[in-house]
Amino acid sequence: MTEIPKAYEPQSVEDKWYDFWQRNGCFTADPARVSEKRPAYSIVIPPPNVTGMLHMGHVLNNTIQDILSRKARMDGKEVLWLPGTDHAGIATEGMVAKQLKKEEHKTKQDIGREEFLKRVWTWKEKHGGIIISQLKKLGCSCDWTRERFTMDPDYVRNVQRVFVDLYKKGLIYRGKRMVNWCPATQTALSDEEVEMKPQKGFMYHFKVEVAEYAPGSSGRESAQTLLAASQSRLTSAATGEEKKGGPEIDSEGRVWLTIATTRPETIPGDTAVAVNPKDPRYAHLIGKHIVRPLPAELPREQKLIPIIGDEHVDFEFGTGVLKVTPAHDKADFDIGTRHKLPIVDIMNADGTMNDLAGADLRGLERFKARKLASEKLAELGVLVEEKPYENNVGFSQRADVPIEPRLSEQWFLKYPSVGVSKACVAEGQMKFHPDRWAKVYDHWLTNIQDWCISRQLWWGHRVPVWHKRIHVTEDNWGKTLDAWGWDEWVAGNWQRHAESDPNEATVVRMVRVSDGTEVDPKIQPMSPAVKEDEGEYDVFVATLSPALIKNFESCGFTQDPDVLDTWFSSWLWPFATMGWTGEKASDANAATLRAFYPTTDLVTGPDIIFFWVARMIMAGYEYMGDLPFKNVYFTGIIRDKQGRKMSKTLGNSPDPLDLIARYGADALRFGTMRSAPLGQDVLFDEKDVELGRNFCNKLWNACRFRQMQGGEVQGEINAALLSSDDRWILLRLDQAIREVSDALASYNFATAVQSLYRFFWSEYCDWYVEASKAAFFGEDAALKANKVAVIDFVLSHLLRMFHPLLPFITEELWHGMGYSADMPEEQGGKTIMFARWPKPLSAEEKEAWGLDDTVETFANVKFELVTQGRNLKTQFNIGAGKKGKFTLKPAGNLAPGEAEVLRLLLSAESLDLDPNFAPKKGTPTALTKLGELYLPLDGLVDVEVERARLTKELAKIQAEIEKVEQKLANPSFAQKVPAAVLEEHKQRLADWQTKLAQTKAAIEALG
RNA sequence: GCGUGGUUAGCUCAGUGGUAGAGCACUACCUUGACACGGUAGGGGUCGCAGGUUCGAACCCUGCACCGCGCACCA
């Protein structure tokens, strides 16, 4: 550090050192170095979206990971922080499709699957590295030689292998079920990707006619019968009120039911109306029919749908009559299944209405259709009421449009290893920080539904299943198989005998088209095929074998067009990135996997606890037989200073790169971590980064001050020459080392930052550096040298403690101050990254340096005197400059040099020691344990000002005395309180009483 | 509805049984030989409300209120 700028300039420093670290392989993990003495420490990065840009959430999350990694290196561990990116199916596909639209006015269908994927890859090659370079700017010490992408060829193969394996285990199945359909992106979504949001809409009441009472209908029952039957009224269990509703009879003797709905556009898809069989208003109508009002143009007989009884209907809600739309509502689908109702799908994939919705609605977008349907009902004279209503609607998290429950054929997964995954957290082998997330995790795992893993997208891992529909007859099945070239069954797997590698097994499943049931191809309709099993069959084969795939395709099999949910690839991240292949022999030789799995810590946001964390745990147990990480640290969510979530639409998210450019990466890291309490959301304010910059500058200048004193770097500390301040700062350093180490060990990052801040700024700079100037401005060379040695000791420890948080400035100063010079090459000589983490002072060191209890006590009374003296200066307008002549009437002996330290801390022109000092009347006084401190004002004393000041002080003292006396006066206090506390109270009272006496005397002396 | 976190200075948050704290903001003063991205001093709080336990409660217990978050959800 030859020429030190007055202010820290981070830009050049940061790039220089990041480059240095990378060139020297400082981030590269070597499994061969792992040993009992050098344990492994590993983290896998939550892979950011490859299309993503760095945002404040990444900053928080990755700074924490970097702190953990750098701390572990300094603890002498072999550290792997494994980075990479995620292919982010929907987001990336959407982005490229949007670009295609904008630049070429084409859709992905226009250019075809192959060409579209080419474009995605091109886009990825061009922009996919942005977030990685941004992480580097932040200082992340990831092992970039091991960077992974979820679409890397070996990763793709791992995903396929897992799919085939789970398929083979019977955990993956294809089914026609109600799924969450996103009409915007036109794909199915998992339950986790749906967000419930309150939505303002309308509750529509419309009436329908019961067909059996219509005038002229055959076998018409009289309305009188009905009246008799519905005599009994319903009384609400909840309110005791009589519920309205029930059938109504009009003047022509027609009978009507009123139905409440929020979605009138789905009426054409209604295939029943349901009432609760226990509802006395309606029970007798079960089995009769109503006339569905829409589509209006259909003949009446085609609009008759049955009234069914189902327990699901809550008779206190709405009118107690529920329209049942099995194709467009999950609960209705279940009712439909129970009653074998027809399923009428009235919508297209994009959320527009199809032909079945009728002439009026056909082609309309679903919300326009809703409005029109209500108008149509009004036109038909059946709309009873339309009132504003708020209900919860599921939204597609990604596209932010309402989900459409839709019946479609998808791949589902029954989660594997659920029991052990639950147990490992419940029983504490895996720890969550803060641990309250363990309950959330457990609850989810207790209630999980099968996972819809297929997505109707092109960008992603294509489902490794090939399909062909065949017509099986009694005698063609065997021939068909022969034609395919296969002739052997092995444990439910159809295998081509030439392909005997069990890992290349093919899993065959057959589904009878007529009823959708899965059949076992081994027994039926294989041998012997019986007449009634003849018919259409869907044959599905899942395989990894390229040779078999080729064979299937030549036999007319086609690959499933869908891709897998992106999370179906990222749940394998902790081991699929480390060389896992799923082959026992090769996995046993995968050095990275063996050394670094299970990983140590995972750092992530609680918003993906289900999406990612829970699923990784299950995959870890299923494929590695062990948990994927030992600790999960859940960060808070970054919000703006008003507490709003950061979002692009709000524009309240600052660009971290911009912040780094303006304040420095260390400043950003500092500001973020300082304001990130454990387990709480983070309210981010740019002021925090500014504070970080100021802090770095302070650190810079503290080192600059040391540099200006010259002298030997890291010389020996001579215990005999230590001043009370030296001993005090060494004790405070010891305390800081303990606090920071403990805080980091328990993931309390904000606490660690707070301890460092307090020690460095409030203790080291504010008191120690100021006090040290007494020696530096003096003439004693030995004392100066010793002071420099103490400062070097403190700063070299301090820089190491700051390194995980502030990697750049600490590295710069480490070298600039020369602390790297006499360090072993691999323990701080080359870089502070591998310098050993500071240990608390040993008992021997404390003994040798005389660090006992009196050190702290003395420092405190000294600082109290200084504060009071400074207060006097302010009160009497002496100003902050080096002004004011103090006289101290000492209470005891002061060690040599202390007076000069006091003078400097008071920033006074002089401080005289005079045991016999007789102050003039009205001289301002501070009464301290070190003695009476006077500020003689050369006749300018305003007696009344001083009297007022002392009187105010007297009142405060009396109040304190009263408080303590009250406590002590309580008889049970003395009896029950611990001795130390009692003693402390008595001492406090004595101290205040002394002060009281002194102050009274001072007031009397004023005359 | 179930679960969960919060409520302490104007703001953001520490403090988890024994004298209410920090940073920012505010007021006044100071460009002093590390630093104005700085220094010194100061003002500002019946610790959400009500009970209880205790010699003693911001802290432990009970209830309530309000603000979040997660899960479930009725048309």
Side-chain angles (χ1 to χ4, degrees), chain A residues 4 6-8 196 203-204 259-263 266 273-274 312-325 329 331-332 389 391-392 434 436-437 439-440 443-444 447 606-607 609-610 636-637 639 641 643 663 667 674-677 679-685 687-688 690-709 750-751 754 757-758 761-762 765-766 769-770 773 776-777 866-867 870-875 877-883 904 906-907 960 963-964 967-968 970-978 980-982 984-985 988 992:
Chain A
I4 313 177
K6 220 170 143 180
Y8 174 56
M196 299 304 276
M203 178 70 89
Y204 303 89
I259 301 177
T261 183
T262 54
R263 303 198 58 190
T266 64
V273 296
H312 169 80
V313 181
D314 175 354
F315 42 88
E316 299 217 1
F317 192 91
T319 62
V321 186
L322 173 69
K323 69 191 233 9
V324 183
T325 327
D329 184 279
D332 289 5
Y389 185 72
N391 63 340
N392 278 335
R436 63 188 151 88
W437 294 109
K439 210 167 170 177
V440 176
H443 181 255
W444 183 76
N447 299 294
D607 47 336
I609 184 170
F610 311 138
I637 291 168
R639 299 169 178 281
K641 58 183 167 183
Y663 298 104
R674 194 184 152 279
S675 60
Q680 297 288 109
D681 286 355
V682 184
L683 267 59
F684 180 82
D685 186 343
K687 281 267 179 206
D688 293 325
E690 197 180 316
L691 183 78
R693 179 202 55 184
N694 296 354
F695 188 88
C696 290
N697 190 56
K698 187 82 175 175
L699 182 60
W700 181 259
N701 275 289
C703 289
R704 188 162 159 257
F705 173 77
R706 152 65 186 96
Q707 200 74 356
M708 291 167 84
Q709 309 314 320
T751 307
Q754 199 181 16
Y757 189 105
R758 190 211 59 229
W761 202 308
S762 308
C765 290
D766 287 353
V769 170
E770 292 309 317
K773 288 175 183 171
F776 289 131
F777 298 164
V866 171
T867 305
R870 286 167 175 171
N871 191 313
L872 285 186
K873 283 180 67 174
T874 308
Q875 299 269 336
N877 297 317
I878 306 295
K882 241 187 231 168
K883 289 184 237 159
L904 264 166
L906 287 164
S907 64
E960 292 295 339
K963 258 171 37 184
V964 186
K967 276 195 172 183
L968 289 167
N970 186 335
S972 45
F973 181 80
Q975 282 163 24
K976 298 190 179 176
V977 95
V981 175
L982 182 63
E984 187 262 329
H985 276 75
R988 203 194 306 162
W992 284 120

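In the text below, chain A, chain B and the rest are named by the order of the sequence lines, each starting its count at 1. In this text the structure is predicted, and so the values were computed from the model without any measurement.
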For atom [atom1], what is the distance between [N] and [M], given to the nearest Å?
N: B:G17; M: B:U53; atom1: C1'; result: 12 Å
N: B:G39; M: B:A58; atom1: C1'; result: 33 Å
N: B:A28; M: B:C66; atom1: P; result: 42 Å
N: B:G6; M: B:G38; atom1: C1'; result: 36 Å
N: B:U8; M: B:G48; atom1: P; result: 6 Å

**Comparing A:Lys773 and A:Tyr757 on RNA chain B - which has the more 5′ nearest nucleotide** =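 The residue closer to the strand's 5' end, by nearest nucleotide, is A:Tyr757.
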**Which residue lies more 5' along RNA chain B, comparing A:Met203 with A:Glu770 via nearest heavy atoms** =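 With A:Met203 and A:Glu770 compared, the 5'-side residue is A:Glu770.
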[X] [atom1] to [N] [atom2]: how many Å, rounded?
X: A:Leu683; N: B:C69; atom1: CG; atom2: C1'; answer: 14 Å
X: A:Arg639; N: B:U12; atom1: CZ; atom2: P; answer: 13 Å
X: A:Asp688; N: B:A14; atom1: CG; atom2: P; answer: 13 Å
X: A:Leu906; N: B:C30; atom1: CG; atom2: C1'; answer: 16 Å
X: A:Arg693; N: B:A36; atom1: CZ; atom2: C1'; answer: 11 Å
X: A:Asn697; N: B:A36; atom1: CG; atom2: C1'; answer: 10 Å
X: A:Asn694; N: B:C37; atom1: CG; atom2: C1'; answer: 4 Å
X: A:Gln875; N: B:C29; atom1: CD; atom2: C1'; answer: 12 Å

Identify whether any heavy atom of [X] sits under 4.0 Å from a base atom; if not, whether one sits that close to sugar-phosphate; answer base, sugar-phosphate or nothing.
X: A:Tyr389; answer: sugar-phosphate
X: A:Asn871; answer: sugar-phosphate
X: A:Val324; answer: nothing
X: A:Glu690; answer: nothing

**Request:** Could you tell me whether the phosphate oxygens of B:C35, OP1 or OP2, come under 4.0 Å of any side-chain nitrogen or oxygen in A:Lys6?
**Result:** yes
**Asked** At under 4.0 Å, does any side-chain N or O of A:Asn391 touch on OP1 or OP2 of B:A75?
**Response** yes
**Selection from B:A34, B:C55, B:A75 that lies nearest to any side-chain heavy atom of A:Ala702** =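 For the A:Ala702 side chain, the nearest candidate turns out to be B:A34.
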**Prompt:** Between A:Phe705 and A:Lys773, is there a cation-pi geometry (under 6.0 Å to ring centre, at most 45° from the normal)?
**Reply:**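 Yes - A:Lys773 lies over the ring of A:Phe705, closer than 6.0 Å to its centre and within 45° of its axis.
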**Asked** Of A:Trp700, A:Tyr8, A:Trp761, which is the lone residue that meets side-chain contact (heavy atoms from CB on, under 4.5 Å) with A:Phe695?
**Response**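 Only match with A:Phe695 under side-chain contact (heavy atoms from CB on, under 4.5 Å): A:Trp761.
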